[in-house]
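One structure is given below, encoded as structure tokens.
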Amino acid sequence: MKVLVNATANTVAGGFTVARRLTEALAIARPGWQLSVLLSGGVELHHKLANECVANRKAILAPASTSNRAQRFLYLRSALRRWVQNERADVVMQMDGMFVGGLSVPTFCHCGDPWPYLSEAQTGRFDWIRAGAKRRAYGRALQRADSYGFTSKFLQDLMLRHHHVTPKRNAVYFNGVPQDWSHRDRTQLADPHQRPLELLTVGNICPYKGQHLVIQALPALLKRDGLQDLRYRLVGTCDAGYRNELETMIRSLGLTDRVRFDGLVSDDGLKNAYARARCFVFPSVCESFGIPPLEAMSFRTPVAAMHAAALPEICGDAADYFHRDKPDELVHSIANILLNQDHAIRLADAGEKRVKQFDWQSTGEQVATELEKLVNASQLRHGFRDI
């Protein structure tokens, strides 16, 4: 079977990770398939994935102009049909949850984007316009796709409730972590209380991800006995304008030597960051799943997470939660993990169990089965027409 995966829109770290891991899981689940992954030649991360594609997963680089949202939209409306014909695809998998009409094969849409539906995440001046356009496009895709997948029950309920539609077929396909992460040798990991006094967040650095809330909480944390040496480490991309805002805030709070921006790091660098952190903080208000907390749990790193979006569904009882409008809760959650050894160990143990419930191998098998059903149903319909 030949599968064409359109991942041109998965340009940021979270979406890229899903495209990378899910196509890898599909290739492993069905070694006899040929997966062609359509990527954008203008995105650095996509070149990384292209270099990883081997065996039954190959990369196709679209023009660099497709890194631009408007150019990508125009390009795909004509080019995707050509790719289906040239690659002789049996099914198309849309990794951005959108639907492209006029294709001669079934479409499976995979969505992991709650942003258009969450006003608290729309912080830009004209975000409401872009959010409205995306909601309309998702509404059309829900109606027209042969099958629609969501990364959490939270997202499924959010979108179906908003649009008042029931897709032809739809289901939740959880993200996960690689098996070598979820089944890590715990003897190689230090217990939380043996690690440096370091907080960590991983992910894109932007207003709705909430890293500024952790920065604002630092002065109160530093006043606690035993936390005078506390540091905060941020891993992820940040545009220059917003970083300037955060650095201004950091200087005004006297935290210049307490906060460190690492940008994007290598896989080994990321593992090292998780392994040395005493507490992983995830203050995002907009998550359709939330892979970084699970990654942290695989290193027995206790997690403090925002009680918002899909995070309670995914993290379960393996995280200490706080609410967006209650900064004292954030301070308490972090301090409780850093200073209460028994609590930190309990969270580390719970996280170690929790992360094993989410693995790409299982999700890859579920998605592969769904794609097979779509292709078989399509072939059956075409057979009836021929008769």
Side-chain angles (χ1 to χ4, degrees), residues 152-154 174-203 210 213-214 217-218 220-233 235 270-285 287 289-324 326-359:
S152 62
K153 188 71 167 56
F154 160 78
F174 288 125
N175 296 331
V177 297
Q179 282 201 338
D180 60 335
W181 284 51
S182 60
H183 293 76
R184 194 178 304 284
D185 181 3
R186 67 181 297 176
T187 64
Q188 304 298 314
L189 301 171
D191 281 336
H193 61 278
Q194 298 173 326
R195 303 180 188 184
L197 267 175
E198 185 170 284
L199 304 177
L200 173 69
T201 58
V202 173
L213 298 175
V214 183
L218 282 177
L221 287 165
L222 289 166
K223 293 177 182 178
R224 300 286 184 102
D225 289 340
L227 298 184
Q228 289 79 12
D229 295 326
L230 185 62
R231 299 289 190 275
Y232 179 33
R233 185 177 181 184
V235 173
L270 181 61
K271 292 175 182 178
N272 178 68
Y274 281 129
R276 64 176 279 120
R278 190 176 292 194
C279 175
F280 180 82
V281 191
F282 205 62
S284 176
V285 298
E287 297 296 325
F289 184 84
I291 292 176
L294 291 182
E295 292 180 336
M297 290 175 190
S298 78
F299 285 87
R300 291 182 52 78
T301 303
V303 172
M306 182 75 74
H307 194 282
L311 293 177
E313 175 186 354
I314 303 307
C315 296
D317 64 354
D320 202 324
Y321 295 101
F322 51 88
H323 290 83
R324 180 189 181 204
K326 297 180 179 179
D328 289 346
E329 285 188 358
L330 171 58
V331 173
H332 175 76
S333 291
I334 295 174
N336 200 23
I337 290 173
L338 296 177
L339 298 173
N340 187 333
Q341 180 177 327
D342 290 341
H343 181 57
I345 291 294
R346 185 196 71 76
L347 287 177
D349 290 342
E352 188 177 23
K353 295 176 182 176
R354 186 74 181 175
V355 71
K356 289 180 171 61
Q357 300 179 31
F358 302 94
D359 68 275

- request: Apply side chain to side chain contact (heavy atoms under 4.5 Å, CB included) to the pair V202 and Y274, showing each step before the final yes or no.
  value: CA-CA 9 Å; V202 173; Y274 281 129; 3.7 Å; yes

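- A distance of 12.5 Å separates CG in D180 from CG in D185, rounded to the nearest 0.5 Å.
- Under the 4.5 Å side-chain criterion, counting only non-hydrogen atoms from C-beta, V281 is not in contact with L213.
- With a 4.5 Å cut-off on side-chain heavy atoms, P192 and T301 do not count as touching.
- Checked by atom type and distance alone, the side chain of Q194 pairs as donor or acceptor with a backbone atom of D191 at under 3.5 Å.
- Summarising the geometry, atom NZ belonging to K326 is positioned 12.5 Å from atom NE2 belonging to H332; distances are rounded to the nearest 0.5 Å.
- Taking CG of L221 as the start and CG of L338 as the end, the distance is 7.0 Å to the nearest 0.5 Å.
- Remark: E352 engages R186 in a salt bridge, criterion side-chain N to carboxylate O under 4.0 Å.
- Nearest heavy atoms, W181 versus S298: O-CB, 3.2 Å.
- Counting all heavy atoms, side chain and backbone alike, F322 lies closest to A304 at CE2-C, 3.7 Å.
- When all heavy atoms are compared, the tightest approach of L311 to A305 is CD1-CB, 4.5 Å.
- Rounded to the nearest 0.5 Å, atoms CZ (R354) and CG (D317) are 6.5 Å apart.
- I314 is not listed as a side-chain neighbour of N175, based on a closest heavy-atom distance of 4.5 Å or more.
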- request: For the pair L199 and L218, evaluate side chain to side chain contact (heavy atoms under 4.5 Å, CB included) and give the outcome as yes or no after the intermediate values.
  value: CA-CA 10 Å; L199 304 177; L218 282 177; 4.1 Å; yes

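- Scanning both residues, F154 and A309, for their nearest heavy atoms gives CZ-CA, 3.5 Å.
- Nearest heavy-atom pair across P283 and V214 is CG-CG2, 3.9 Å.
- A donor-acceptor contact shorter than 3.5 Å is absent between the side chain of S182 and the backbone of V177.
- Between F299 and F280, the ring center distance fails the sub-6.0 Å criterion.
- Within the 3.5 Å criterion, the main-chain N or O of H193 finds no donor-acceptor partner in the side chain of Q341.
- With a 4.5 Å cut-off on side-chain heavy atoms, D320 and P302 do not count as touching.
- Residues H343 and I337 form a side-chain contact, since some pair of their non-hydrogen atoms from C-beta on lies under 4.5 Å apart.
- Interatomic distance, R324 CZ to E329 CD, rounded to the nearest 0.5 Å: 14.0 Å.
- The shortest non-hydrogen separation linking D225 to L339 is O-CD2, 3.7 Å.
- Note that CD of E295 is 10.0 Å distant from NZ of K271, once rounded to the nearest 0.5 Å.
- Residues R224 and L230 have side chains not in contact (no heavy-atom distance under 4.5 Å, counting atoms from C-beta outward).
- Side-chain contact between L347 and V303 is absent, with no heavy-atom pair separated by less than 4.5 Å.
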- prompt: Going through the checks in order, is the side chain to side chain contact (heavy atoms under 4.5 Å, CB included) test met by S152 and E287?
  reply: CA-CA 9 Å; S152 62; E287 297 296 325; over 6 Å; no

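- Applying the side chain to side chain donor-acceptor pair (under 3.5 Å) rule to D349 yields the partners R300; only residues at least two apart in sequence or on another chain are considered.
- Legend: salt bridge (charged side-chain N to carboxylate O under 4.0 Å, His left out) pairs involving residues 192-203, not counting sequence neighbours, sorted by first then second residue: E198-R233, E198-R276.
- Side-chain atoms of M306 and S284, non-hydrogen and from C-beta on, never get closer than 4.5 Å to each other.
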